[in-house]
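What follows is a short report on a single structure.
We name chains A, B, ... by the order of the sequence lines, and we start the count at 1 in each one.
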There are 2 protein chains.
Amino acid sequence: MLPRDSAQPPPGVGPVPGADTRQRLLDAAERLFAERSYEATSLRQVTAAAGANLAAVNYHFGSKQGLFRAVFLRRIEPINTERMGRLAALEAGEAAGQPVVLEELLRALMEPALDLARQEDGRWFARLVGRAFSEPGEHWTAVDAEFHEVRSAFVRAFARSLPHLPPTTLGWRLFFALGVQCVLLAGASQHQRITGGLAGDLAPEVVLDELVAFAAAGLRAPAGEPGT
Amino acid sequence: MLPRDSAQPPPGVGPVPGADTRQRLLDAAERLFAERSYEATSLRQVTAAAGANLAAVNYHFGSKQGLFRAVFLRRIEPINTERMGRLAALEAGEAAGQPVVLEELLRALMEPALDLARQEDGRWFARLVGRAFSEPGEHWTAVDAEFHEVRSAFVRAFARSLPHLPPTTLGWRLFFALGVQCVLLAGASQHQRITGGLAGDLAPEVVLDELVAFAAAGLRAPAGEPGT
DNA sequence: GGCGCAATCGAACGTTCGTTTGAATGCCCG
DNA sequence: CGGGCATTCAAACGAACGTTCGATTGCGCC
């Protein structure tokens, strides 16, 4: 009677019972968590949007936090896999003699996530991820172990690509670079408001170029403080 | 019986009645809104932390949103005033012939806010502001009119300082620059977690230098997309 | 001394929250 | 055909929410 946090049934096992309530719950929760926030979203809103019974959430995911965790893991795993794959490709080239270009490293890290933002079914999740940086709450800390492997691998790669930077400086600049990415993921729909309408529409792949150019320039900035 | 949203009584008018409940409510709410979030903070937590009665919030501020608005306006007005003052000083020099250095423009915009983050009593507010970029909810939209004047003035100044950038590009890069600032405000306490402990401690004024250097380099990045 | 008023208070309002329960439902397999 | 099982369902749980109410307090001023 209580599968609690069981893995989903094998994908092609046959016609799932009821058009997969589990999936509809994940989709609805993803949208609502992104649109409002975790705290501001009630399970009644989620189940209503999913056309499911209120108790379905606790049946399939154990709790509201379990639902959040499932929403998150469903999308972040493929992204992190692709990130690691791209990084491995770059490092293979590096071992073969050609050094890693900073922009390529940034793309390997950022493009998998930004790709999501331009797909119809990933837009909500992108907004959700963008808030991981600034939103407090234990629903996030319960999930950021998923980033550990990717993070440390990329930090090492960046350190190799920018050997002249002292570790502390590099750390802060990476923090900034990741921050810009998150801000873009969270607020692409808000940039008009924030810049007062100055920034017009831009094709998504161009925004990625802008992001990579901005972050790369920031990471490569001269070491000491320049102005003033 | 109902002052609702009245302005606070004149500052030096005499010994305020009860050790200023109003002020204690603002302080407690500021900390809790920053520490948790607006949605996750209850008025009962606020009034308990302030040592006030539950009804005091609705008496002094009309509603929870009114409390949030008051928390915000109390701090943002001096900050925006200083920003405008610094900008005016730069523009005066500009009119006198010496062009505005991009780094100085960034400092005029960012230093007043970052100063807050290194003062004991402004730290919580800094964290709160940092979430304005990514946190949804009407408590924010009810307050962002306060940024209109500062925003448009600075956007014009940046456009003058970077005349070679097409407006769309400038808009996105300003969005990125403001985003980095917010990320720093929101997450200075989280950078260790996010970069995996690579970034060590850094004196706050050095972090400001790093932020300005990063943003300036990003804003000045070559126009088209550089690498691939 | 007593009126008026701003402020605080305890208590309750009606809602909504996340979670739990136990009974129905529909399907597969023996 | 019928027992077992995963799933769905309506209903209720106690707790906590934002807000409102009327009474009470304490001070300044005629």
Original post:
C/dC27 C1' sits how many Å from A/D20 CG, rounded?
Top reply: 16 Å

**OP:** Tell me which nucleotide among D/dA6, D/dA10, C/dT19 gets nearest to the side chain of A/Y59.
**Re:** D/dA6

Subject >> Rounded distance (Å) that lies between atom C1' of C/dC9 and atom CZ of B/R44 >> reply: 14 Å

Original post:
What is the distance, rounded to the nearest whole Å, between atom CG of A/L54 and atom P of C/dC17?
Top reply: 10 Å

**OP:** Report yes if a side-chain nitrogen or oxygen of A/S42 is closer than 4.0 Å to either non-bridging phosphate oxygen (OP1 or OP2) of C/dC17; otherwise report no.
**Re:** yes

Original post:
In terms of ring plane angle, is the pair B/F72 and B/F125 parallel, tilted or perpendicular, where the classes change at 30° and 60°?
Top reply: tilted

**OP:** Could you state the atom-to-atom distance from CD of A/Q45 to P of C/dT15 in whole Å?
**Re:** 17 Å

Original post:
Centroid-to-centroid, A/W140 to A/F68, below 6.0 Å?
Top reply: yes

Original post:
Between B/E39 and B/P136, which heavy-atom pair has the shortest distance, and what is it?
Top reply: OE2-O, 4.3 Å

Original post:
Roughly how many Å is it from CG in B/N58 to C1' in C/dA12, rounded to a whole number?
Top reply: 14 Å

Original post:
Expressed in angstrom and rounded to an integer, what is the separation of B/L43 atom CG from D/dG18 atom P?
Top reply: 4 Å

Original post:
NA contact type, A/A55, heavy-atom cut-off 4.0 Å: base, sugar-phosphate, or nothing?
Top reply: base

**OP:** Just say parallel, tilted or perpendicular for the rings of A/Y38 and A/F33, cut-offs at 30° and 60°.
**Re:** tilted

Original post:
Given C/dG10, is OP1 or OP2 found less than 4.0 Å from the side-chain N or O atoms of B/N53?
Top reply: yes

**OP:** Just call it for A/T41: base, sugar-phosphate, or nothing, with non-hydrogen atoms closer than 4.0 Å on any strand.
**Re:** sugar-phosphate

Original post:
Reckon A/T21 has a side-chain N or O less than 4.0 Å from the OP1 or OP2 of D/dT7?
Top reply: no

Original post:
What integer distance in Å separates B/L32:CG from D/dG18:P?
Top reply: 12 Å

Original post:
How close do A/S37 and A/R131 get, heavy atom to heavy atom, and via which atoms?
Top reply: CA-NH2, 3.5 Å

Original post:
So does A/H60 get a side-chain nitrogen or oxygen closer than 4.0 Å to the phosphate oxygens (OP1/OP2) of D/dA6?
Top reply: no

Original post:
Over how many whole Å does the gap from B/F61 atom CZ to C/dT8 atom C1' extend?
Top reply: 14 Å

